[in-house]
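So you know, we letter chains A, B, ... as the sequences are listed, proteins then strands, and number each from 1.
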Number of protein chains: 2
Amino acid sequence: MIPLTAAKAKEARVAEQEQAAGRGSSTRDRLIDSAVRLFGEKGFEATSLRAVTDAADSNVAAVNYHFGSKEGLLRAVIDGTMRAVNEERRRRLDELEARSPVPSVAELVRAFVEPGVALTTGHGVNGSVVERFIGRMMGESDPRVRQIFADQVDRVEGRYLAAMARALPGRDEGDVRFAYTSMLGLLSLHQSGVFTAVEWPRRQTSGAQREGSEIIESERLVDFITGGILSLFSGESSR
Amino acid sequence: MIPLTAAKAKEARVAEQEQAAGRGSSTRDRLIDSAVRLFGEKGFEATSLRAVTDAADSNVAAVNYHFGSKEGLLRAVIDGTMRAVNEERRRRLDELEARSPVPSVAELVRAFVEPGVALTTGHGVNGSVVERFIGRMMGESDPRVRQIFADQVDRVEGRYLAAMARALPGRDEGDVRFAYTSMLGLLSLHQSGVFTAVEWPRRQTSGAQREGSEIIESERLVDFITGGILSLFSGESSR
DNA sequence: ATCCGTTTGAAACGAGTGTTTGAAACGATC
DNA sequence: GATCGTTTCAAACACTCGTTTCAAACGGAT
């Protein structure tokens with residue numbers, strides 16, 4: 001009796017997950033979906049394997065079967081989420097460089113930030129979960145996480161650094177790298193929800209205004225970063 | 001025999017710690033010193049109580065005796081490290097507002113960032129440890145940590161937000177808050193060592209050039225943030 | 001020398017972690 | 001329908017975590 005109702009409850013939850021995931025979900029897919037959400041909400045180390053498997057209506061053995069280890073699961077999740085973002089960035093960089101050999105700083109920043117902020121399309125129902133996950137991973141302290149993440153980011157950052165250096169002639173690599181890292185860091189802070197969601201305890205946003213606001217936030221971010229980089233290299237804002 | 005040598009070894013290590021801490025170190029002081037360093041290096045949750053007590057040549061019971069719990073230890077550490085920074089910020093804000101009723105954005109940013117970056121003086125031998133600790137705490141995900149930290153930051157941020165709003169007339173609170181949070185976030189990323197120390201795996205800095213470079217880094221940070229805020233409100237950089 | 005509040009120390013507790021195991025259940029192939 | 005590799009599951013494993021306990025050591029006042 002009880003096993004029957006338990007199985008039924010699982011079926012229902014699985015169906016719910018399938019709907020959220022967008023298409024037929026194997027255990028593997030459900031594990032990845034839950035991991036993206038939980039890793040993004042609480043961080044990698046703070047999320048237990050059992051929390052993931054419970055949310056995915058599976059059990060801990062399945063993780064080791066499909067991914068070998070918790071770290072293997074993280075690797076799979078990072079690969080899955082970052083691939084689309086990186087491809088979009090590369091595509092937009094191609095587009096920019098096809099139009100002009102030396103794109104402006106503003107164009108470069110926009111081409112880097114926007115694929116990160118607005119990846120709602122192409123990643124299941126809501127990409128905001130993926131957003132938060134990526135942002136959270138950027139700020140993770142665990143060196144293993146940083147390594148796995150860097151392995152993915154490295155695929156585009158070389159080209160971006162080169163393009164940025166061309167857009168800012170006459171500056172050494174350290175300055176360019178500072179600009180790039182600041183951009184990456186601000187994007188991370190924005191996406192991780194530290195800015196908007198948790199925030200220093202003030203009024204919490206009701207979550208209702210969440211359509212046009214994202215575009216505004218993205219604009220703010222692009223403006224801030226672009227202005228920061230430019231004034232960094234003109235060096236006249238504060239001296 | 002063995003207990004004697006063990007006691008001797010402890011004495012030596014305690015003496016070493018006392019030298020590092022700058023003055024006579026009770027168990028309580030040694031615990032705090034070790035906690036600052038380890039929390040800053042690995043984060044709060046990732047640092048076990050035993051790692052702290054081992055480094056301080058004490059044991060776990062001492063933590064609960066002196067601070068009640070691990071969270072109590074964190075609270076004591078945050079209080080101790082943030083007090084000086086906040087006081088310095090308040091002092092410089094007083095100074096600015098005494099000279100002019102509406103300080104410029106550049107002046108405000110400088111008065112906020114520099115006390116954070118250059119608190120080497122007044123905090124034991126090397127304040128860079130404290131720097132990293134504070135930066136790490138700013139980016140911590142655990143809501144308890146964020147709460148404790150916010151309790152300390154709140155003491156100045158109200159005045160800073162007001163001053164920033166006056167320096168940027170005609171903008172709503174959301175924009176001002178975005179500017180403030182970006183400043184805080186960038187400072188945090190800078191201090192936590194994510195920018196410089198760990199970094200995406202490229203060449204690691206030898207650690208030799210560590211005198212004038214900090215000043216340069218601080219300048220870079222101030223320039224970037226100031227420029228970012230200003231262009232955020234002129235809104236012409238990318239449109 | 002005795003007492004007593006303060007501080008330290010070793011050991012144990014219960015809860016939670018990632019990982020491993022071995023036996024079931026499943027699904028296709030012969 | 002028996003057999004095979006694949007996939008799932010409950011249980012156990014070894015370990016670490018923060019916390020608690022209780023006895024011992026310390027240090028000044030009586």
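The distance from atom CZ of B:Phe67 to atom P of D:dG18 is 15 Å, rounded to the nearest whole Å. With rounding to whole Å, A:Glu71 atom CD is found 9 Å from C:dT19 atom P. Taking atom CG of residue B:Asn64 and atom C1' of nucleotide C:dT8, one finds them 13 Å apart after rounding to whole Å. Rounded to an integer number of Å, the gap from A:Arg28 CZ to D:dT6 P is 15 Å. Note: OH (A:Tyr65) to C1' (C:dA23) measures 15 Å, nearest angstrom. We find that CG of A:Asn59 is positioned 14 Å from P of C:dT19, with the value rounded to whole Å. Put simply, CZ on B:Arg144 is 10 Å from C1' on D:dG18, counting in whole angstrom units. Atom CG in A:Asp54 sits roughly 12 Å away from atom P in C:dG16 (whole-Å rounding).
Listed pair B:Thr27 / C:dT8 meets the phosphate criterion, a side-chain N or O lying under 4.0 Å from OP1 or OP2. Contact between the side-chain N/O atoms of B:His66 and the OP1/OP2 oxygens of C:dT6 is not found at any separation under 4.0 Å.
For the pair A:Arg92 and A:Glu114, the minimum side-chain heavy-atom distance is below 4.5 Å.
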Between A:Arg90 and A:Glu87, is a salt bridge (charged side-chain N to carboxylate O under 4.0 Å, His left out) present by the stated rule, with each step listed? CA-CA 5 Å; A:Arg90 182 153 23 211; A:Glu87 280 175 7; over 6 Å; no
Steps toward side chain to side chain contact (heavy atoms under 4.5 Å, CB included) verdict (B:Val153, B:Asn86): CA-CA 7 Å; B:Val153 174; B:Asn86 274 339; 5.7 Å; no
So if I define the base as every atom that isn't primed, P, OP1 or OP2, how would nucleotides 11-17 of chain D read as a B/S/- string at a heavy-atom cutoff under 4.0 Å? BB----B
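Between A:Leu189 atom CG and B:Met138 atom CE the span is 10.5 Å, to the nearest 0.5 Å.
Under 3.5 Å, the side chains of A:Arg30 and A:Thr27 contain a donor-acceptor pair of N or O atoms.
Residues B:Gly135 and B:Ser188 share a closest heavy-atom pair of O-OG, 3.0 Å.
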